[in-house]
Structures are given as structure tokens and as C-alpha cells.
**Q** 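Structure in C-alpha cells, see below.
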Amino acid sequence: MTTQSAFLSRLGMDVPIIQAPMAGVSTPQMAAAVSNAGGLGSLGLGASTIEDARQALQDAASLTNRALNANVFCHAPALRDEGKEAQWLAKLSPHFARFGAAPPARLREIYDSFRGSEAMFDMLLDEAPKVVSFHFGLPRKDQIAAFADRGIVTLATATNLDEARQIEALGIDAVVAQGWEAGGHRGTFDENAPDSQMGTFALTRLLVQSLFCPVIAAGGVMDGAGIRAALDLGAVAVQMGTAFIACDESSANQAYQDALASDAAHETVMTRIISGRPARCLSNKFTALGETVMREHVPSYPVTYDAGKALNAAAVAGGETGYGAHWAGQGAPLSRRMSTSALMAVLQAEL
């Protein structure tokens, strides 16, 4: 049995396609449709309350009897700096004023990290999805052991070889090799460290040759030709996110969908101005503002996101949709609008 067939068999997958978690975009209906088509559907739970995360898992499980992936964030606590945060709010104030609004009085740390959430850990052990995956870093070794005891397969994102080796050393089952092309947040363990910016295929091949555990390619893969190329490099599967944003089951709003279908898809930008962490977004008014900001002036993740969400809400109320977190990868121009099940059928036919 090959490494790929062993990996797919362990998860009950017929197709080497993992739908990326995409917090705020993926839905139980999308995840279930991917799993029912033989892939692995995922739920992005990093921004969810415990109750909402449990409900999403139960809703997805009611729609499929196949494996599902629950994804959580393992970011370090925000480095709070009241002076920097106040200056940031002052800088954004004129943009709020354009829409007759004021920025928040102070910023909040709006998302808990899985690292400090025993309640989320306990909930995942209780619900026991077939797969749990980690972004922005790693959980504790005892948590990985507890998941293994429950028969839960674990995955974690790496953007370079050092991160991948840490993942393997912790006993996590497979590494998601996230290339520079990928949409949404970079999975770097330390967002302020130098970033090698390795592309998906170079990173995938490097990890395949350097690790013993399976490698999943993520970033820029939009069709069967891309899937085949990643598999030929030794990946056991691909993780695809941007390809699913335009699907019927996506929770991306109309402005997001329209932006994805516009010329903005040809000019995605890596920015930290929206959330405080580097993330690839469709080019818009918010990313343009980021071009004039030095990264050391941006507060930590996720407190920056508190301001970003507030500014977007004010803009939308004023009829402007150009301040949204419209995450998308460099493959965005290849996006296709259809149902999730139809896309899975097309991808299998192309593959």
C-alpha cells in the first residue's frame, strides 16, 4: 500500500481532495457535500464559540456518515500595546468618519486560541470528528495523545521545513504544506519572523523528501491539472479553499462573491492590515490602505481584526463593500460557480 492510499484509506476518502476549513466561508452543508463526494470536508472553528462549534459539527455529521475535519487556531496570545493600539485606532479614524462612524474606544482580543481553551479541547474529544487540524502553531503533546486515543487523525499547517519538522516531532499525522499562493491567513507559527515565501510546489516537494509523515499540498490548486501536479510531487492529497468560495453552499456574502468574479481576482495581496497577521486577500480599498502602513505599526492578531471588522461594518452600512476580508489565493481567476457536489464531480473528471 502506498503512502497516499494508506492515508486516504485511513480517512475513508476516495478522492485526494480536502476542502480547506475557511472560517467564515465553509458551512456544514459544504463540508458534508465534499465528504459525501469522497473527499474530506472541513469546518473552520477557530472563530467560533464552543456552542457554535459543537452545533456546526453536529449539523455536518447529520448530513454525512463520512469523515469530517474540525480546524482550530493555535496562535500565541496577542502582545498587547495600548499605545500602538491607540495610534492604530487614530489612524483608522478618518476612514470610519467617511461613513459617519467612530472607531472602537479600545481593541479586544476577539478570538481565543486553542492553546488556552480547555473547553474547546473537551468539546472536540466529546464530538470526536475523524480529523482535527491546527493553524498558526501547535497544541500540547498531551492533547495530540488524547486525540490519538480517541482515534482522531491530526493535521497541522506548515509554511517551511522547520515548522513541518516540529509538526512531525509532535506526533501529528500529516503536514499541510501551505504555499505563498494560498488564500487567507498564512499558517506561520510566528507571524513576525522572516517568511521564506515558498511556493506550494517547491514546499511540497521539499517536505515530501524531508519528512516521514504524509504531506498535503495547499495553495493555488484550482482544478484537476493542479491536483495531479501536486500528487506527482509526492503529496497524498491537496487542500483547496478558493475553489470552493463561489460554491452554492458557501457563506461568503454577495459582495465577496462579486469581488471574486471581478478583476480583483487577478491582484490578490498579502496584507496584515485587516487582522494583524499576514493573509492573502482580493485587492480592495482596505488592502490599498495597507500599502502605506509599516508592519511594525500594526497591532497584534487578533486585536487588529477587531478594528478591521468594525471598519468593514461601518463601510457596509454606508454602502461600501471594499473593506471586507475577502480572502482568496492566487488561483482566484480560475474560480467556478456551481454547487459543491458539482465542483467535486468536475474535479474528479479533470483529475
**Q** Around R140, counting heavy atoms of other residues, nucleotides and ligands shown, do more than 12 lie under 6.0 Å from its CZ?
**A**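 Yes, the 6.0 Å shell around CZ holds more than 12 heavy atoms from other groups.
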
**Q** Just checking Y323 against F96, ring centres under 6.0 Å apart?
**A**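 No, the ring of Y323 stays outside the 6.0 Å limit from the ring of F96, centre to centre.
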
**Q** Taking Y256 for the side chain and W327 for the main chain, is one N or O donor matched with an acceptor at less than 3.5 Å?
**A**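 Judged by distance alone, yes, a pair lies under 3.5 Å.
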
**Q** If you compare all heavy atoms of S210 against all heavy atoms of R165, which two are closest, and at what distance to 0.1 Å?
**A**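 So the minimum-distance heavy-atom pair works out to CB-NH2, 4.4 Å.
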
**Q** If the condition is ring pair (Phe, Tyr, Trp, His ring centres under 6.0 Å), which residues does F73 pass it with, not counting sequence neighbours?
**A**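 For F73, the residues satisfying ring pair (Phe, Tyr, Trp, His ring centres under 6.0 Å) (neighbours in sequence not counted) are F136.
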
**Q** If we ignore hydrogens and angles and just use 3.5 Å, is the side chain of T200 paired with the main-chain N or O of G219 as donor and acceptor?
**A**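 Flag set: sc T200 to bb G219 pair under 3.5 Å.
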
**Q** Evaluate the side-chain proximity of L289 to I273: yes if any heavy-atom separation is below 4.5 Å, no if none is.
**A**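 I273 reaches L289 side chain to side chain.
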
**Q** Run E320 and V316 through side chain to side chain contact (heavy atoms under 4.5 Å, CB included) and show every step you take.
**A** CA-CA 5 Å; E320 171 60 67; V316 169; over 6 Å; no

**Q** Can you tell whether the side chains of E127 and R150 come within less than 4.0 Å, N to carboxylate O?
**A**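 Salt bridge between E127 and R150, a charged N being under 4.0 Å from a carboxylate O: no.
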
**Q** Go through the steps to decide whether Y301 and H185 satisfy the test ring-ring contact (aromatic ring centres under 6.0 Å, His included), and finish with yes or no.
**A** CA-CA 11 Å; Y301 174 92; H185 284 94; 5.6 Å; yes

**Q** Will you find, in the side chains of N71 and S42, an N or O donor that is under 3.5 Å from an N or O acceptor?
**A**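 Their side chains do not contain a donor-acceptor pair, so the 3.5 Å distance test is not met.
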
**Q** Any donor and acceptor pair, going by atom type alone, linking the side chain of R272 with main-chain N or O of E191 inside 3.5 Å?
**A**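 Side chain of R272 to backbone of E191, a donor-acceptor pair under 3.5 Å: yes, one is there.
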
**Q** Please say yes or no: joined through hydrophobic side-chain contacts below 4.5 Å, possibly via intermediate residues, are I172 and L11 part of one cluster?
**A**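 Shared cluster, no.
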
**Q** Evaluate K91 against V293 for side chain to side chain contact (heavy atoms under 4.5 Å, CB included), listing each step before the verdict.
**A** CA-CA 10 Å; K91 183 174 184 62; V293 175; 3.4 Å; yes

**Q** Do the side chains of V153 and I144 join up, straight or via other hydrophobic residues, at under 4.5 Å, putting them in one cluster?
**A**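 V153 does not cluster with I144.
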
**Q** Using the rule given for side chain to side chain donor-acceptor pair (under 3.5 Å), can you reason through S339 versus D248, listing the C-alpha separation, both sets of side-chain angles and the distance that settles it, and then say yes or no?
**A** CA-CA 5 Å; S339 71; D248 299 343; 4.8 Å; no

**Q** Give me the other members of the hydrophobic cluster that L334 sits in, counting Ile, Leu, Val, Met, Phe, Trp and Tyr linked by side-chain heavy atoms under 4.5 Å, directly or via other members.
**A**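 Besides L334, the cluster holds M222.
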
**Q** Which heavy atom of Q4 sits nearest to which heavy atom of L231, and what is that distance?
**A**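 Heavy atoms of Q4 and L231 come nearest at NE2-CD2, 3.5 Å.
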
**Q** Does E109 use its side chain to pair, donor to acceptor, with the backbone of V303 at less than 3.5 Å?
**A**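 Pair absent, no side-chain N/O of E109 close to backbone of V303.
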
**Q** Under 3.5 Å, side chain of R280 to main-chain N/O of G184, donor-acceptor pair present?
**A**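 Looks like no, no N/O pair under 3.5 Å.
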
**Q** Side chains of N69 and S133: do they bring a donor and an acceptor to under 3.5 Å?
**A**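 Distance-only check passes for N69 and S133.
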
**Q** State yes or no: do L155 and V236 share one hydrophobic cluster built from I, L, V, M, F, W and Y residues joined by side-chain heavy-atom distances below 4.5 Å, directly or via other members?
**A**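 Same cluster: L155 reaches V236 through Ile, Leu, Val, Met, Phe, Trp or Tyr contacts under 4.5 Å.
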
**Q** Look up atom CG in L211 and atom CD1 in I167, then write down how far apart they are to the nearest 0.5 Å.
**A**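 Atom-to-atom, L211:CG and I167:CD1 are 8.5 Å apart.
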
**Q** Is L92 linked to I110 within one hydrophobic cluster, defined over Ile, Leu, Val, Met, Phe, Trp and Tyr using a side-chain heavy-atom separation of less than 4.5 Å?
**A**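 Yes, L92 and I110 fall within the same hydrophobic cluster.
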
**Q** Do N253 and Q257 get their side chains close enough for a donor-acceptor pair, meaning under 3.5 Å?
**A**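 There is no such pair between these side chains.
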
**Q** Between R80 and E85, is the closest basic N to carboxylate O distance under 4.0 Å?
**A**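 Salt bridge between E85 and R80, a charged N being under 4.0 Å from a carboxylate O: yes.
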
**Q** Quick one: does I18's side chain get under 4.5 Å of I216's, heavy atoms only?
**A**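 Heavy-atom side-chain distance check passes, below 4.5 Å.
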
**Q** Quick one: pull up OG in S335 and CZ in F244 and give me the separation to the nearest 0.5 Å.
**A**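 Reported to 0.5 Å precision, the distance equals 10.5 Å.
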
**Q** Considering only heavy atoms from C-beta outward, does the side chain of L40 approach that of Q19 to under 4.5 Å?
**A**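 They are not in side-chain contact.
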
**Q** I'd like to know if D223 and R228 make a salt bridge, using a cut-off of under 4.0 Å between side-chain N and carboxylate O.
**A**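 A salt bridge is absent here (no side-chain N lies under 4.0 Å from a carboxylate O).
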
**Q** Set out, in order, the CA-CA distance, both residues' side-chain angles and the distance that settles side chain to side chain contact (heavy atoms under 4.5 Å, CB included) for L138 and C74, then state yes or no.
**A** CA-CA 6 Å; L138 300 173; C74 287; 5.8 Å; no

**Q** Just wondering, more than 12 heavy atoms not from E82 lying within 6.0 Å of its CD?
**A**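 Check fails, neighbour count at 12 or below.
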
**Q** Is any side-chain heavy atom of L124 less than 4.5 Å from a side-chain heavy atom of V72?
**A**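 L124 reaches V72 side chain to side chain.
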
**Q** Does G324 offer a backbone N or O that forms a donor-acceptor pair with the side chain of N312 under 3.5 Å?
**A**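 Yes; judged by distance alone, with no hydrogens or angles, the pair exists.
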
**Q** Is the closest basic N to carboxylate O distance between K285 and E291 below 4.0 Å?
**A**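 Salt bridge: no.
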
**Q** Report yes if some heavy atom in the side chain of V131 is under 4.5 Å from a heavy atom in the side chain of L68; otherwise report no.
**A**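 Answer no - side chains too far apart.
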
**Q** Does atom CG of D263 have more than 12 heavy-atom neighbours, drawn from other residues, nucleotides or ligands, at distances under 6.0 Å?
**A**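 Counting other residues, nucleotides and ligands, CG of D263 stays at 12 neighbours or fewer.
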
**Q** For the SG atom of C213 and the CZ atom of F7, what is their distance to the nearest 0.5 Å?
**A**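 These two atoms lie 10.0 Å from each other.
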
**Q** Spell out, yes or no, whether M13 and V238 are grouped together once hydrophobic residues are joined by side-chain heavy atoms under 4.5 Å, including indirect joins.
**A**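 In one cluster: no.
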
**Q** Would the distance check show the side chain of T27 and the main-chain N or O of E249 forming a donor-acceptor pair, the cut-off being under 3.5 Å?
**A**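 Yes: the side chain of T27 pairs with the backbone of E249.
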
**Q** On a heavy-atom basis, which atom in V34 and which in I17 lie closest, and how many Å separate them?
**A**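 Closest approach of V34 to I17, heavy atoms only: CG1-O, 4.4 Å.
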
**Q** Work out which heavy atom in F212 is nearest to a heavy atom in E168; give both atom names and the distance.
**A**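 Scanning both residues, the minimum pair turns out to be N-OE2, 2.6 Å.
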
**Q** How many angstroms lie between atom OG1 of T321 and atom NE2 of H326, to the nearest 0.5 angstrom?
**A**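 Atom-to-atom, T321:OG1 and H326:NE2 are 6.0 Å apart.
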
**Q** Are the side chains of W180 and T159 in contact, using a 4.5 Å heavy-atom criterion?
**A**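 Of all side-chain heavy-atom pairs linking W180 with T159, none is under 4.5 Å.
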
**Q** Is there side-chain contact between R336 and L347, with heavy atoms separated by less than 4.5 Å?
**A**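 With C-beta onward as the side chain, the pair touches.
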
**Q** Got a donor-acceptor contact below 3.5 angstrom from the E350 side chain to the G224 backbone?
**A**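 Such a contact is found between E350 side chain and G224 backbone.
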
**Q** Determine the sole option in V15, I227, D14 for which the side chain to side chain contact (heavy atoms under 4.5 Å, CB included) test with Q348 is passed.
**A**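 In the set V15, I227, D14, the residue that makes a side chain to side chain contact (heavy atoms under 4.5 Å, CB included) with Q348 is V15.
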
**Q** Say you draw a straight line from OG1 of T157 to NE2 of H135; how long is it, rounded to the nearest 0.5 Å?
**A**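 Spacing of OG1 (T157) from NE2 (H135) equals 5.0 Å.
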
**Q** Enter the distance from F201:CZ to L206:CG here, rounded to the nearest 0.5 Å.
**A**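 F201 CZ to L206 CG: 15.0 Å, rounded to 0.5 Å.
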
**Q** Any side-chain to backbone donor/acceptor pair from S250 onto I245? Under 3.5 Å, distance only.
**A**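 Yes; at least one donor-acceptor contact below 3.5 Å.
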
**Q** State, without any angle test, whether N160 and S196 hold a side-chain donor-acceptor pair at a distance under 3.5 Å.
**A**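 Absent: no donor and acceptor within the cut-off.
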
**Q** Going by atom types only, do T64 and N36 share a side-chain donor-acceptor pair under 3.5 Å?
**A**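 There is such a pair between these side chains.
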
**Q** Between R54 and D126, does any side-chain N to carboxylate O distance fall below 4.0 Å?
**A**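 Salt bridge flag = yes for D126 with R54.
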
**Q** State, with a plain yes or no, whether a side-chain heavy atom of Y305 is found less than 4.5 Å away from one of R277.
**A**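 Y305 does not reach R277 side chain to side chain.
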
**Q** Check P28 against L43 and note the closest heavy-atom contact, atom names and distance.
**A**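 Shortest heavy-atom separation between P28 and L43 comes out as N-CD2, 3.7 Å.
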
**Q** Would you check, one step at a time, whether the test side chain to side chain donor-acceptor pair (under 3.5 Å) holds for D173 with T154?
**A** CA-CA 5 Å; D173 294 297; T154 50; 3.2 Å; yes

**Q** Does any N or O in the side chain of S26 come within less than 3.5 Å of the main-chain N or O of A23, such that one atom is a donor and the other an acceptor?
**A**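 Not confirmed, S26 side chain does not pair with A23 backbone.
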
**Q** Grab the two heavy atoms, one from P139 and one from Q143, that are nearest each other, plus how far apart they are.
**A**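 P139 and Q143 have their closest heavy atoms at CB-OE1, 3.1 Å.
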
